[in-house]
J.: 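Right, I'll just put the structure down here and ask away after.
Worth saying up front: this structure is predicted, and the values here are computed from it rather than measured. In the text below, chain A, chain B and the rest are named by the order of the sequence lines, each starting its count at 1.
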Amino acid sequence: MRAFDYQRARKPEDALSANAARYIAGGTNLLDLMKLEIERPERLVDLNALALDRIEDLPDGRLRIGALVRNATLAAHPLVVARYPVLSRALLAGASPQLRNRATTGGNLLQRTRCPYFYDPAQNCNKRDPGAGCSARGGLTRNLGILGISEACLATHPSDMAVAMRALDAVVETRLPGAPGETLGRSIPIAQFHLLPGSTPQIETILQPGELITAVVLPQPLDGAQRYRKVRDRASYAFALVSVAVTLKMKQQSVARVSLALGGVAPKPWRIEEAESRLVGQQLSDDALKTFCDALLSGAQGSATGNAADPHRLDNANDFKIPLARRMMIATLRDAAKEA
Amino acid sequence: MEMTAPVGRNAIDINAGGLIGKKLPRVEGPLKVSGRAPYAYEVHPDGVEGVLYGYPVPAPIGLGSIGSIDTDAATASPGVIAVLTHDNMPQGYASGPALAAALKENRLVNPILASHVIDHYGQPVACVVAETFEQAVAAAALVKVECSADASPHFDLRTEQYDAPKPAGGPPPDSRKGDFDRAFGSCALRIDESYSTPAQSQAMMEPPATLAIWHDANSRDAKAPRLTLHTSHQIVDWAQEAVAALFGLDREAVEILSPYVGGGFGAKLQVLPDAILAAACAKVTGRPVKIALPRPQIFNATSHRSATIQWVQLGADRHGVLKAVAHRCWSGNLPDRTFYEQAAAQTRHLYATPNLLIEQRNAALNLTLAASMRAPGEAVGLLALESAMDQLAELGQIDPIELRLRNEPKTDPETGKPFSERRLVECLKLGADKFGWSKRTAPGQRSEGAWMIGMGMACAIRTNLNRPSGAKVTLSGDGRLLVQTSMTDIGTGTYTILTQIAAEMLGLDPSMVTVALGDTDFPASSGSGGSWGAGSSGSAVYDACMNLRARLAHEARIPADRAVFARGRIGDGRRRSQPLRALVRRGALVATGSISFGSFSEQYYEAAYGAHFAEVGIDRDSGEIRLRRMLGVFDIGRVLNHATARSQLIGGMTLGVGAALSENLVADTRSGAFINHDFAEYLIPVQADIGEIDAIMLDAVDDKTNPLKSKGAGEIGVCGAGAAVANAIHNACGARVRDYPITLDKIMDHLG
């Protein structure tokens, strides 16, 4: 672990003026990566003293979640439990109680992939070392992506929280350095927040250097049902093989409104609004669901061919995520429809 | 004492104080939960100053050689005192004839930094020593290792199994009785299936860690040790022998201290890189050095359980009575290593059959050392055999328990030796009753909401091992008893059961007994491994206490066979009694004791037995498999402490659940790396995976094993546990998965 400078920010301006620094809040991911020499920041700015730990019920019905609100606090907040149960469930499906007590809302969005090749400095990884190549391709891919991936990177985004926020159309509020003595703010729809890897998998979000997440804003609550369903290899403390966040409103047996985001399958929460609009007005028939799932899984590719981790063991590959995602989308929508 | 005959009624049977078997809470528990039981990385011995920190640099390739190691940047890094490579290890390291002997016994040591050869991925090739841990970590990342990789490494058991030779050492790999082929061909019911189990990691909680201290060679005390290792090892006497051989020292010059060990599961039977490197770094720098292996390195730099491929053939008549049994197994290890995963071991002993064929082969693989992991052999062998038996029961339309009853042997199936004691049938019947086995339905018939429910069972067997052990007991003038043995407590409860044995033998309150362990200065012991620890070390303590009782009786002028020990007093069983402390003159009364087993135990086949029952639920949508409840019933001879024994058993069962459902250490066959090398990716069960779990112990004595009449409880819990889960999965959804672990992708076609 390298020696690094450490500074506590008292107000956002302190943070924004700290050039070339990495921000640290919960530290649940960054510190692990620093201990492994995967992240090597020269300077850390600790955000924990900033007044960004409030949950505000805005007059227009939206909910603003401070970037420093801990995952455990957010999951248990009465307004979240009542209005955004999909978010509460997603948070509780992630990590462990100890981690949720520490991890923050902003940090959760910025956590890095769990690809095992990213975690081993002796393996090639374009995310860790741009241009080095990707050892994951042809290796152990059980937890890796089937959608939105590229030749350069197969990684998934490991967050559960972000998947629910994507289904809820959350907006990420940030501040970034402007002219001397000034800061600028912007609002980023969560759909645009995470980037697909393309040929630059080391660039994971739309944030500019030094840009600080200050809050996540949830739109006015939706009527209908919400569900978060996470499929994993053990009952707790495991990343999603596939997860599904759903909000659904039915009207006379037909879909009045739906949003569905998939986790565990792509470098970002995976949602296709166009497919949702086509489902509106339809009953949740086998055909309609098939069309919907086809649209979400369009272009999905597994890695079984050329899997060298053990060519005889398909459980080391991720092809099963394609039928699994289909099953879980259908099951979660049908389950939600019972109360929607 | 030596075991030469069945043990008659003794003080342990009489159990006058009622301590044997009692659920005495762990005597060192308060120390552990309050952080006052220092593990190896946490010791701060008096007078030891200037401790340095070491951090190993792992090899980035799987097989090949080191071209050069550039240590300049690391050496110039802040706080760095030294960087060790194979070029500057201390003189005399890894060169003596004693090392060659130790290497033959491959349990002992895997030398590192001994040459330019890289024989597996992650093998330490350098070690940075710095003033602080963080400085060592930072500098380690600056060491540049240039390697040339061998063009044709062997990382894949599947491709190597065809050339796999017969293991050159270890237990006999093959066995033949009758004519398997002929008999199998004419059987009415036949099962003929292949199985695979993945590599597994022992994944103990406490990382291997060592503080190494070299002492002044000119010390006036010629008998004082020259090297002290505070380390985490299961058998300190083995560690002493191996470290002495590595560094060219007399055995007595090495002191090993492992009073607390946070789990071993077999991994800490080896002297691991932390100990070797700490000793070498301390020698070179002239200062004490502390090293703990970081978690990602543990998976590649210590040892693992080999993957296996197994082929089981069961032939039976139409009533399910076995006529022909064959079990073949392939595992792997580094070239020239004799240890192999004897996955067919239990098939020699579990079911009666006139025709038996056992073949075990071990491929040369350039992966991290394959070595013992909890119940080596049976833990994975029963995953195959008991799945095959379940399939045979289904084929013959026989209840799986009834099938076992029809194949219960009267003598050992392989050798014809009598059993010392075998209560498997009792385990099966009691377990079936307690678990509600009669409610089991045909496959795929039971569901609750989205869950498909199934029940399965499997048998457990683990050969009972004994090893020589010694102990010393010291009664002081204040009436307190000190028990000393080099035995370790690796989380199993040894401190507690030895306290109970000594207190019971001398009629003392347990609070008057202190047990001191894990020190090579104490009488040599069996150590912890192979489930032999409690029986072996406990018998040595028993023997030492018998000798002390004789001394006390003599001092009290009471015939030894009439002496009664109770409430801290010795009496003649009538009116006369006096406090033990009154008999202690000149400071203390000391007695030693030992146990050895000679050839007596070879006259019998000794094993622990059990029956596992599991109920699983399978989510009809996702295929997620969750254990709902599990029960094991065990014949482990006399139970020394019902609480600690139960913990061992349910801990073993939990390991079995992991083997069945999630544990899979994946070797990337391109690099030879075990690539999922942390607890986020190598999935051991968590609390939420286990549901309701319990173990019942028959508590029936076995007078042929040892004076305590106990049998090993440490490993029997895992044996067969995973197979019960696998069979429950079949019962729930009809899928018969033979490639472990049984993950949801493998049953997706059976979810409907």
J.: What residue, out of A3(A), S135(A), S96(A), has the most heavy-atom pairs lying under 4.5 Å from chain B?
T.: S135(A)

J.: Ion pair present between D619(B) and R229(A), side-chain N to carboxylate O less than 4.0 angstrom?
T.: yes

J.: Where does S622(B) contact chain A at under 4.5 Å (heavy atoms): side chain, backbone, both or neither?
T.: both

J.: Is chain B contacted by the side chain of I330(A), its backbone, both, or neither, given a heavy-atom distance below 4.5 Å?
T.: neither

J.: Report which part of Y119(A) has an atom under 4.5 Å of a heavy atom belonging to chain B: side chain, backbone, both, or neither.
T.: both

J.: Return yes when atom CZ of R89(A) has more than 12 non-hydrogen atoms of other residues, nucleotides or ligands closer than 6.0 Å, and no otherwise.
T.: no

J.: Output the distance between atom CZ (R620(B)) and atom CZ (R327(A)), rounded to the nearest 0.5 Å.
T.: 9.5 Å

J.: Let me confirm one number: the CG-CG distance from L744(B) to D233(A), rounded to the nearest 0.5 Å.
T.: 6.0 Å

J.: Could you walk me through whether R142(A) and T743(B) satisfy the side-chain contact (heavy atoms from CB on, under 4.5 Å) test, starting with their C-alpha distance in whole Å, then the side-chain angles of each, then the deciding distance to 0.1 Å, before giving a yes or no?
T.: CA-CA 11 Å; R142(A) 185 174 179 85; T743(B) 45; 3.3 Å; yes

J.: Please step through salt bridge (Lys or Arg N to Asp or Glu O under 4.0 Å) for the pair K321(A) and D745(B), ending with a clear verdict.
T.: CA-CA 8 Å; K321(A) 285 187 174 184; D745(B) 45 298; over 6 Å; no

J.: For residues S236(A) and D689(B), determine if any side-chain heavy atom of one lies less than 4.5 Å from a side-chain heavy atom of the other.
T.: no

J.: Does D621(B) use its side chain to pair, donor to acceptor, with the backbone of A331(A) at less than 3.5 Å?
T.: no

J.: What verdict does the side-chain hydrogen bond (donor to acceptor under 3.5 Å, both in side chains) test give for Y121(B) and D120(A), after you've listed the backbone C-alpha separation in whole Å, the side-chain angles of each residue and the deciding distance to 0.1 Å?
T.: CA-CA 12 Å; Y121(B) 188 92; D120(A) 186 340; 2.8 Å; yes

J.: To the nearest 0.5 Å, tell me how far L683(B) CG sits from Y237(A) OH.
T.: 10.5 Å

J.: Would you compute the distance between atom CG of N316(A) and atom OG1 of T669(B) and round it to the nearest 0.5 angstrom?
T.: 9.5 Å

J.: What part of D335(A) gets within 4.5 angstrom of chain B, counting heavy atoms only: side chain, backbone, both, or neither?
T.: neither

J.: At a heavy-atom separation under 4.5 Å, does L142(B) approach chain A through its side chain, its backbone, both, or neither?
T.: side chain

J.: Give, as side chain, backbone, both or neither, the part of A136(B) having an atom under 4.5 angstrom from any heavy atom of chain A.
T.: neither

J.: Specify the closest pair of heavy atoms between R234(A) and Y682(B), including all atoms of both residues, with the distance to one decimal.
T.: NH1-O, 4.4 Å

J.: Can you tell me how far the OG atom of S77(B) sits from the CZ atom of R2(A), to the nearest 0.5 Å?
T.: 7.5 Å

J.: Do you know which two heavy atoms are closest between L36(A) and P296(B), and how far apart they sit?
T.: CD2-CG, 3.6 Å

J.: Could you tell me which non-hydrogen atom of R114(A) sits nearest to which non-hydrogen atom of A680(B), and how far apart they are?
T.: NH2-CB, 3.3 Å

J.: Measure distances from I684(B) to the heavy atoms of chain A and classify the residue's part below 4.5 Å as side chain, backbone, both or neither.
T.: both

J.: Against chain A, label E681(B) side chain, backbone, both or neither, depending on which of its atoms sit under 4.5 Å from a heavy atom there.
T.: side chain

J.: Between chain A and each of Q135(B), H677(B), R626(B), count heavy-atom pairs under 4.5 Å; write down the option with the most.
T.: R626(B)

J.: Which atom pair, heavy atoms only, marks the closest approach of A138(B) to E37(A)?
T.: CA-OE2, 3.4 Å

J.: Heavy atoms only, distances under 4.5 angstrom: which of P121(A), A238(A), A235(A), P116(A) has the most pairs with chain B? Name it, please.
T.: A235(A)

J.: Nearest 0.5 angstrom please: I675(B) CD1 to Q123(A) CD, how far?
T.: 4.0 Å

